[in-house]
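Below, all heavy atoms of this structure are taken into account, side chains as well, without hydrogens, waters or symmetry copies. Labels below follow one simple rule: chain letters A, B, ... track the order of the sequence lines, proteins then strands, and each chain is numbered from 1.
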Amino acid sequence: MLLEQIQRRIKKDFRERVKELFAVEVAEPAMSVPPSLELGDLSITACFELAKTLRQPPRKIAEQIAACRFEGVERVSVAGGGYLNFHLDRAGFAVSLFDSRSSRDAAPRPTPQAGKIVVEHTSINPNKAAHIGHLRNAVLGDTFARLLRFRGHCVEVQNYIDNTGVQVADVVVGFRNLEGRSVEEVRQLAASEGKRFDYYCWDLYAKVFEWYEREPAALEYRTKALHAIEEGRGEIAEIGAVVSDAIVRLHLRTMRRINVAYDLLVRESEILQLKFWSIAFELMKQRGAIRLESAGKNRGCWVMDLDPETTEPKEDTGEDTKVIVRSSGTVTYVGKDIAYHLWKFGLLGRDFHYRRLDISLNGSPVWQTATEGDPDAPPFGRATAAYAVIDTRQSYVQHVVATAFRALGYHEQAANLHHFAYELVSLSLDCARELGLPVGEEEQQKGAVDVSGRRGWGVKADDFIDTLTAQAIAEVHRRQMAEGPEQEQEYGRQIAVGALRYFLLRFTRRTMIVFDFKDALAFEGETGPYLQYTVVRAQNILRKYAEVHPEFHASELKTLVAEHQLKSFLAEGAFWELVFLAGQLELTVDQAIAAEEPAMLAKYAFRLAQEFNNFYHRHRVLTEPDEVRRSCLLYVVYLVAETLRRALDLMGIEVPERM
RNA sequence: GCGCCUGUAGCUCAGCUGGAUAGAGCGUUUGCCUCCGGAGCAAAAGGUCGCAGGUUCGAAUCCUGCCAGGCGUACCA
């Protein structure tokens with residue numbers, strides 16, 4: 001039995017034993033791991049609570065339960081005032097784990113009736129290069145999608161492209177009104193091999209903002225450009241399309257470097273052209289989710305009440321209402337977001353058309369919404385649950401979308417609409433100075449500088465990946481581990497990606513990352529390369545052993561070690577500790593999913609690596625004279641190596657052949 | 001004003017649904033290469049878990065109130 005099954009079994013047995021012994025029904029007990037292995041492997045504290053209803057000391061209750069038999073458990077002990085501790089059948093556990101780790105399919109196959117989970121992430125405005133903050137979003141979302149797939153969920157990853165918004169309009173203003181460029185010139189610039197187009201737009205966007213500040217009258221161009229782009233006609237719209245299409249491709253290229261993939265790009269232009277909003281609008285009017293405000297500051301707007309519980313008419317401050325349609329009749333951003341989310345759940349009664357892009361990510365095709373497209377496109381959307389990876393500043397908007405769902409009567413969907421909120425990445429003072437950014441008194445006090453696209457303040461994603469890769473390659477070169485420059489490049493790339501992804505994952509979502517080159521470029525300590533190195537070490541043992549024993553295959557270790565041999569070997573606490581920890585991967589992933597916290601997996605992987613390195617240091621495997629013991633040691637090495645490899649794969653981190 | 005989030009070692013951060021002695025990395029000090037390659041291992045030092053109450057057999061964790069930060073609270077996206 002694997003750990004999750006064992007736990008389920010113990011919980012069930014516990015309830016039955018309690019019922020038999022004391023004739024009371026209890027809720028499913030919480031399980032935890034005792035602080036030390038001598039105490040046991042799993043623990044239940046429910047006897048403390050039972051003490052009240054049964055009017056008996058908790059320890060006495062625990063002792064009575066401990067005397068009963070539990071399936072898959074070798075022994076039950078009582079500790080302290082009434083802790084009930086379970087000691088597992090170690091050899092049996094190791095054998096099941098071995099079967100699981102040596103099987104080809106890491107993840108159970110998704111069952112179609114279980115529904116689909118849409119994970120939306122990245123969603124960068126397509127008007128400039130991606131920066132380090134965008135990488136955090138993408139890595140969090142990509143990892144979370146991997147976790148869900150690993151646990152057998154059907155997952156669809158969407159990347160929302162706001163190609164008709166003001167940010168694109170601003171860059172169009174830059175090209176047209178500031179630089180006086182034609183569509184053709186912009187097209188050529190986008191296609192040119194020289195300076196990167198997204199970098200060019202990064203600077204241009206900042207210049208446009210300076211211009212607006214210098215000459216507020218220029219803002220008129222922005223409004224005009226925005227309208228033209230929304231309508232999708234004329235030269236302005238064409239420049240907008242050229243800009244956003246080119247930049248989306250560059251963003252995909254950046255994300256591909258760090259193993260991030262998408263199934264579908266949802267573009268706002270199609271939401272507009274296919275009239276998704278007007279359908280949503282009708283629906284909201286019909287169901288009374290929104291109302292036309294007749295007085296107050298929101299007079300003439302369609303608004304939604306944010307707190308439907310309070311039926312009292314509000315004094316017309318408009319505080320508890322949100323404008324969905326402006327008095328001019330145009331829809332706000334929130335309105336479009338509501339329409340998009342209704343579509344995600346298949347509640348709009350209408351679909352996009354889809355076109356396949358000539359790009360593949362992680363070996364899978366990427367699709368994009370279109371007004372007319374490929375009839376063979378897979379059925380996108382129609383989710384039963386959705387996670388939107390969006391920074392914490394947008395909590396309000398996400399709240400509004402969920403409120404709209406409830407106002408429409410979609411309570412179940414509203415409950416399955418998750419805002420995967422994370423804190424921003426800011427720049428350390430050292431980092432800001434290195435980039436030549438001004439550090440004012442406010443920043444000084446705060447100890448960090450906010451990333452600002454409008455000002456062009458930030459660490460560009462590709463620049464950072466380049467720096468990281470160059471440094472990793474230098475390390476590989478210094479250690480002379482690679483067999484040629486090509487392999488050096490490849491190892492360096494893998495190590496750089498490992499360092500980057502782990503760096504972004506080790507922080508919990510709610511922690512603001514203050515980006516500093518010194519920390520982010522570290523390859524030692526709690527870092528991705530440390531984890532990769534650990535797997536390489538384990539792999540080296542298995543490889544070297546196979547060199548001397550050509551008939552050896554790691555996956556056949558099971559036949560080399562009898563269960564009773566494993567049993568006496570695992571009687572040694574340190575070995576069992578490692579095996580037991582390796583068996584907690586799935587449980588950890590479940591917790592990470594429930595808590596929407598990929599960092600939990602990162603921490604787990606690091607702990608496992610640490611314990612393995614300790615083992616590695618204390619025990620020589622290849623020179624072990626006792627053949628049985630040697631096989632047992634190899635058994636442990638294999639279990640940890642495979643577990644760690646899977647954990648790293650879930651984080652999108654590859655393992656180099658050598659380090 | 002209101003809403004959400006945060007406050008744990010010198011620094012950066014973990015601490016899962018309340019559980020047994022509060023952990024890790026970095027930095028500091030000190031050891032460990034007859035080795036499966038040191039991107040490593042071990043040890044030492046370092047804590048009024050922001051403050052004050054409360055609930056509980058038990059609180060870093062839950063509740064209340066303060067204090068200090070951050071982010072929201074547009075007919076911007």
Side-chain angles (χ1 to χ4, degrees), chain A residues 30-36 39 43 45 48-49 51-52 57-58 79-83 85 125 162 165-167 169 226 268 293 297-303 306 318-320 322-330 332-334 336-337 391-397 399 421 423-424 446 472 475-476 479 481 495 499 506-508 510-514 516 518-519 522-534 536-545 587-588 590-592 594-595 597 599-600 602-603 606-607 610 613-624 633 637 658-659:
Chain A
M31 282 210 117
S32 58
V33 176
S36 107
L39 293 167
S43 168
T45 57
F48 292 104
E49 293 149 51
K52 257 170 290 175
Y83 291 97
N85 292 330
N125 271 302
D162 185 4
V166 276
Q167 293 216 20
L226 183 60
E268 193 167 81
E293 193 79 278
K297 69 166 191 154
N298 292 334
R299 183 155 179 250
C301 298
W302 284 90
V303 301
L306 291 181
E319 271 215 355
D320 284 328
K322 172 71 195 165
V323 172
I324 306 295
V325 178
R326 305 182 186 105
S327 53
S328 65
T330 54
T332 59
Y333 166 77
V334 185
K336 284 182 268 189
D337 217 29
D391 74 66
T392 180
R393 291 177 306 183
Q394 302 215 33
S395 296
Y396 176 68
V397 172
H399 170 71
E423 262 296 344
L424 297 176
K446 203 172 154 187
E475 283 292 312
V476 172
R479 287 160 213 261
M481 298 317 303
I495 290 165
R506 49 181 272 240
F507 299 95
T508 50
R510 295 247 126 83
T511 300
M512 180 189 282
I513 299 180
V514 179
D516 189 90
K518 190 167 63 63
D519 305 330
F523 292 158
E524 288 167 18
E526 194 191 337
T527 64
Y530 173 87
L531 296 177
Q532 293 170 310
Y533 181 66
T534 307
V536 170
R537 274 183 144 178
Q539 216 58 53
N540 282 346
I541 296 175
L542 296 167
R543 198 189 59 232
K544 292 222 164 186
Y545 186 81
L587 219 58
T588 305
D590 286 340
Q591 286 172 352
E597 196 63 272
M600 291 174 81
K603 293 288 171 190
F606 179 66
R607 237 185 85 205
Q610 261 188 326
N613 278 317
N614 178 290
F615 162 93
Y616 179 92
H617 182 254
R618 286 192 192 176
H619 306 283
R620 295 281 134 75
V621 178
L622 297 182
T623 53
E624 170 58 48
L633 289 167
V637 171
R658 289 167 175 263
M659 271 179 90

Colleague: Less than 3.5 Å between a donor and an acceptor, one on the side chain of A/Asn85 and one on the base of B/A20, is that the case here?
Modeller: yes

Colleague: Between A/Asn298 and B/C75, is there a contact of a side-chain N or O with OP1 or OP2 at under 4.0 Å?
Modeller: yes

Colleague: When the distance from CZ of A/Arg479 to P of B/G40 is rounded to whole Å, what number comes out?
Modeller: 8 Å

Colleague: If you look at every strand shown and take non-hydrogen atoms under 4.0 Å, does A/Gln591 touch a base, only sugar-phosphate, or nothing?
Modeller: base

Colleague: How many Å lie between CD on A/Glu524 and P on B/G37, as a whole number?
Modeller: 18 Å

Colleague: Roughly, in whole Å, what's the span from CD1 in A/Ile324 to C1' in B/C76?
Modeller: 14 Å

Colleague: For atom P, what is the distance between B/C41 and B/G25, given to the nearest Å?
Modeller: 8 Å

Colleague: Rounding to an integer number of angstrom, what distance separates B/G3 and B/C66 when you compare their P atoms?
Modeller: 11 Å

Colleague: So what does the secondary structure string of RNA chain B come out as, 5' to 3', with Watson-Crick or wobble pairs under 3.5 angstrom, [ ] for crossing and | for pairs with another strand?
Modeller: (((((((..((((.....[...)))).(((((.......))))).....(((((..]....))))))))))))....

Colleague: Work out how far the C1' atom of B/G18 is from that of B/U56, and round it to whole angstrom.
Modeller: 9 Å

Colleague: Which of these passes side-chain hydrogen bond (donor to acceptor under 3.5 Å, both in side chains) with A/Asn540: A/Arg543, A/Arg537, A/Lys544?
Modeller: A/Arg543

Colleague: Of the options B/G40, B/A20, B/G37, whose atoms approach the side-chain atoms of A/Pro34 most closely?
Modeller: B/A20

Colleague: Flag the pair A/Phe606 / A/Tyr530 as yes when their ring centroid distance falls below 6.0 Å, and as no otherwise.
Modeller: yes

Colleague: Does a nitrogen or oxygen in the side chain of A/Tyr530 sit under 4.0 Å from OP1 or OP2 of B/G25?
Modeller: no

Colleague: Hey, does the side-chain of A/Ser327 have a donor or acceptor N/O within less than 3.5 Å of a partner on the base of B/C75?
Modeller: yes

Colleague: So does A/Tyr533 get a side-chain nitrogen or oxygen closer than 4.0 Å to the phosphate oxygens (OP1/OP2) of B/A39?
Modeller: yes

Colleague: What interatomic distance, in whole Å, is found between P of B/G69 and the corresponding atom of B/U28?
Modeller: 32 Å

Colleague: Centroid distance below 5.5 Å plus an interplanar angle below 30 degrees: do A/Tyr83 and B/A20 meet both conditions?
Modeller: yes

Colleague: Look at the side chain of A/Thr332 against the base of B/A74 and say whether a donor-acceptor pair falls under 3.5 Å; ignore hydrogens and angles.
Modeller: no

Colleague: Where the side chain of A/Gln610 is concerned, which of B/G37, B/A77, B/G25 is the nearest nucleotide?
Modeller: B/G25

Colleague: Pick the closest RNA chain B nucleotide for A/Leu622 and for A/Gly80 by heavy atoms, then say which residue is nearer the 5' end.
Modeller: A/Gly80

Colleague: Phosphate oxygens OP1/OP2 of B/A77: is one of them under 4.0 Å from a side-chain N or O of A/Asn125?
Modeller: no

Colleague: Determine the interatomic distance between P on B/A44 and the same-named atom on B/A39; round to the nearest Å.
Modeller: 24 Å

Colleague: Do the charged groups of A/Lys518 and A/Asp516 touch, with an N to O distance under 4.0 Å?
Modeller: no

Colleague: Give me the distance, rounded to whole Å, that separates B/C49 from B/G7 when you measure between the C1' atoms they each carry.
Modeller: 10 Å

Colleague: Salt bridge check, A/Glu475 against A/Arg479: does any charged N sit closer than 4.0 Å to a carboxylate O?
Modeller: yes

Colleague: Say you pick atom C1' in B/A60 and the same atom in B/A45; how far apart are they, in whole Å?
Modeller: 23 Å

Colleague: Nearest to the side chain of A/Phe507, heavy atoms from C-beta on, is which of B/A39, B/C13, B/C76?
Modeller: B/C13

